[in-house]
Amino acid sequence: MTQPEYRVLVADDDPTVGLLMPAALGGQGFAVTVVDNGKAALDEFERTPFDIVLLDVEMPEMDGFAVCSAIRRRGGGEIPVVLITGHTEPVFIQRAYDLGADYIAKPLDWILLGGLLRNLLQAA
């Protein structure tokens, strides 16, 4: 068995997403760590090196915007961060971009997700 190429931190309070992320990405060279709230995401980020971070916007403890901002302040300026939300209003998208993050709208396309993340990582 080969070593995963990329380490992914996923923070989402939806248990279905917590199950589907590793299933969707695991066989594509991604090692996925899933947490269910923003504070846990920040704690995990500080403990473990990751190549990319996916954050649900609406989570307990800290929302995805707050976690992204904290990651940027703590030296994670070069790590791709993707904010995931069902909100498609321009203000949400602009807020993600203002934080230096990318944006994916829900519902997620599980089949295309791995390729999208790979593109983001190669562009970083």
Inset, instruction - Using a strict 4.0 Å threshold on nitrogen-to-oxygen distance, state whether D43 and R47 make a salt bridge. - result: no
Donor-acceptor pairs under 3.5 angstrom involving side-chain atoms of residues 12-25: please list them, not counting sequence neighbours.
unit_1: D12; atom_1: OD1; unit_2: D14; atom_2: N; d: 2.8
unit_1: D14; atom_1: OD1; unit_2: T16; atom_2: N; d: 2.8

Legend entry - Residue pairs passing the ring pair (Phe, Tyr, Trp, His ring centres under 6.0 Å) test where at least one lies in residues 94-120, sequence neighbours excluded: none
Inset, instruction - Would you list the pairs meeting ring pair (Phe, Tyr, Trp, His ring centres under 6.0 Å) in which at least one residue belongs to residues 34-68, sequence neighbours left out? - result: none
Inset, instruction - Please identify each residue that fulfils salt bridge (charged side-chain N to carboxylate O under 4.0 Å, His left out) with D98, with sequence neighbours left out. - result: none
Side-chain donor-acceptor pairs of residues 73-86 under 3.5 Å, sequence neighbours excluded:
unit_1: R73; atom_1: NH1; unit_2: S69; atom_2: OG; d: 2.9
unit_1: R74; atom_1: NE; unit_2: E46; atom_2: OE2; d: 3.4
unit_1: R74; atom_1: NH1; unit_2: E46; atom_2: OE2; d: 2.0
unit_1: T85; atom_1: OG1; unit_2: H87; atom_2: N; d: 3.0

Inset, instruction - List for me each residue that meets side-chain hydrogen bond (donor to acceptor under 3.5 Å, both in side chains) alongside T48, sequence neighbours excluded, and say none if there are none. - result: E44
Distance-only donor-acceptor pairs under 3.5 Å for side chains of residues 113-124, two or more places apart:
unit_1: R118; atom_1: NH1; unit_2: E5; atom_2: OE1; d: 3.0
unit_1: R118; atom_1: NH2; unit_2: Q28; atom_2: O; d: 2.2
unit_1: N119; atom_1: ND2; unit_2: G115; atom_2: O; d: 3.4

Legend entry - Pairwise salt bridge (charged side-chain N to carboxylate O under 4.0 Å, His left out) hits with a residue in residues 61-72, at least two apart: none
Inset, instruction - Might you work through the side chain to side chain contact (heavy atoms under 4.5 Å, CB included) test for N37 and M62, ending with a clear yes or no? - result: CA-CA 7 Å; N37 68 70; M62 294 174 75; over 6 Å; no
Legend entry - L55 side chain reached by V53 side chain, heavy atoms, under 4.5 Å: yes
Legend entry - Any residue meeting side-chain hydrogen bond (donor to acceptor under 3.5 Å, both in side chains) with D102, in chain and number order, not counting sequence neighbours: none
Legend entry - Qualifying residues under salt bridge (charged side-chain N to carboxylate O under 4.0 Å, His left out), relative to D51, sequence neighbours excluded: R7
Legend entry - K106 atom NZ, neighbour heavy-atom count above 12 within 6.0 Å: yes
Inset, instruction - Output every pair passing salt bridge (charged side-chain N to carboxylate O under 4.0 Å, His left out) with a member in residues 108-117, not counting sequence neighbours, ordered by first then second residue. - result: none
